[in-house]
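Counting starts at 1 for both ligands and their atoms, in listed order. Being a predicted model, the structure only gives us computed values, none of them experimental. Every heavy atom of this structure was used, including side-chain atoms; hydrogens, water molecules and symmetry mates were not.
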Amino acid sequence: MAPALKLWYFDIPGKAETIRILLNYGGIPFEDFTFKFEAWPEYKSKMPFGQVPVLEIDGKPLAQSAAIERYAAKLAGLIPDDVFAAAKVDEAHALITEIQDVLAPTYAIKDPEAKIKARQEAAAGPLKEKFAKLVSLLTAAGGIFLTGDAPTYADIALFKFMSGLVGGTMEGIPTDVFNEYPELKAFHKRVAELPPVKKMYENVTEGHRLSYKALPP
Ligand SMILES: N[C@@H](CCC(=O)N[C@@H](CS)C(=O)NCC(=O)O)C(=O)O
């Protein structure tokens, strides 16, 4: 029998959106339990590491977004069976995490101008180096998806990252940040048009799931 799944997270895309896409992709029913920041103190002590996302699986909690993403990807058939092929997918996923880590310190900057400046600097330097690595990976795999011609959870994670970067919540990152990378823009469109992804975002009515946005032309 399929496990009963309940995903706990704030009412924003954040670290839960890739998990949401993966579960939707696999047509796997789950309760998307979201809450406002004000309600967090009520839940924090119930979470294994005092943080979210947490996926409750038949009542048992699983924390850490990377572990939850892999779990959801296995259910959705977005991890290859072959051990080496699966490791290459993890490799691509780790590169995306590294890219996210470039921007992570900017979230904590309180001064709005300093935050924008730090992001502009990241976009002009370190992010470019990482995007070039992504293009190499994509090109080496044949230019369709990150590790070949079938989508995996790494592709979903990159799609979510790219959407979030230009989705209006990353002040300081120019919305044309991907214009120098036609391969990445084509990739983003390709993932957006995968039928389960397209369907998920067509059906969205609430703001918290709107991390997807078509990239500017
Ligand atoms: N390594 C963890 C980090 C989780 C994390 O940073 N969660 C944040 C939200 S994105 C959180 O729960 N913040 C509230 C808190 O720490 O009290 C993961 O990837 O799941």
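For Y201 and N24, the side-chain atoms include no donor-acceptor pair closer than 3.5 Å.
Looking only at heavy atoms of the protein, atom 6 (O) of ligand 1 is closest to Q51 NE2, 3.4 Å. The single protein non-hydrogen atom nearest to atom 9 (C) of ligand 1 is V52 O, 3.7 Å, given as residue, atom name and distance. Atom 14 (C) of ligand 1 has its closest protein heavy atom at W40 NE1, 3.3 Å. Looking only at protein heavy atoms, the nearest one to atom 2 (C) of ligand 1 is Q64 OE1, 3.0 Å. Closest to atom 20 (O) of ligand 1, if we only count protein heavy atoms, is S65 N, 2.8 Å.
A perpendicular orientation is assigned to the rings of Y43 and W8, their planes being inclined by more than 60° (bins at 30° and 60°). A parallel orientation is assigned to the rings of F37 and F10, their planes being inclined by less than 30° (bins at 30° and 60°).
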> How far apart are the C-alpha atoms of Y71 and I57, what are their side-chain angles, what is the distance that settles it, and do they pass the side-chain contact (heavy atoms from CB on, under 4.5 Å) test?
Replying inline: CA-CA 10 Å; Y71 175 87; I57 304 157; 3.2 Å; yes
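Contact of the R20 side chain with the Y9 side chain is registered, since non-hydrogen atoms from C-beta on lie closer than 4.5 Å. A heavy-atom distance below 4.5 Å is not found between the side chains of P61 and M47.
When only interatomic distances are considered, the shortest N/O to N/O separation between Y9 and ligand 1 does not fall below 3.5 Å.
Counting the atoms of ligand 1 from 1 in the order shown, those under 4.0 Å from a heavy atom of K44 are 15 (C), 16 (O), 17 (O). Contact atoms of ligand 1 toward P53: 20 (O) (distance under 4.0 Å to a heavy atom of the residue).
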